[in-house]
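Note that this is a predicted model, so its numbers are computed, not measured.
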Amino acid sequence: MSDTQGLPYVVAAMALFVAIVAGWREHCRRARADPDAVGWVDWTLVQVVALIVAAIAGWVALKA
């Protein structure tokens with residue numbers, strides 16, 4: 001397997017990692033002590049985009 005053949009696996013793994021971290025941060029945001037503290041990152045959107053990227057990269061990796 002060359003480096004370019006392994007790239008979709010790496011992209012899928014990193015996107016899955018980002019989705020897991022975004023889910024964890026969203027959980028922390030919902031459980032924070034000060035509900036009026038405003039965050040600047042929409043973790044739900046980050047998680048959805050990361051899962052879409054992981055799905056597409058995983059599909060490409062399995063097709064290659």
List, by chain and then residue number, the residues other than Met14 in its hydrophobic cluster (Ile/Leu/Val/Met/Phe/Trp/Tyr, side-chain heavy atoms under 4.5 Å); write none if there are no others.
-> Val10

Got a list of side-chain donor-acceptor pairs under 3.5 Å for residues 33-58, not counting sequence neighbours?
residue, atom, partner, partner atom, Å
Asp34, OD1, Asp36, N, 3.2

So the salt bridge (Lys or Arg N to Asp or Glu O under 4.0 Å) pairs with at least one residue in residues 12-22 (sequence neighbours excluded) are none

Quick one: salt bridge (Lys or Arg N to Asp or Glu O under 4.0 Å) pairs with a partner in residues 5-22, sequence neighbours left out?
-> none

Let me see the working for Phe17 and Val21 under side-chain contact (heavy atoms from CB on, under 4.5 Å), right down to the final yes or no.
-> CA-CA 6 Å; Phe17 176 74; Val21 170; 3.7 Å; yes

Does Arg32 CZ have over 12 foreign heavy atoms under 6.0 Å away?
-> yes

Residues passing the salt bridge (charged side-chain N to carboxylate O under 4.0 Å, His left out) test with Arg29, sequence neighbours excluded, are Glu26

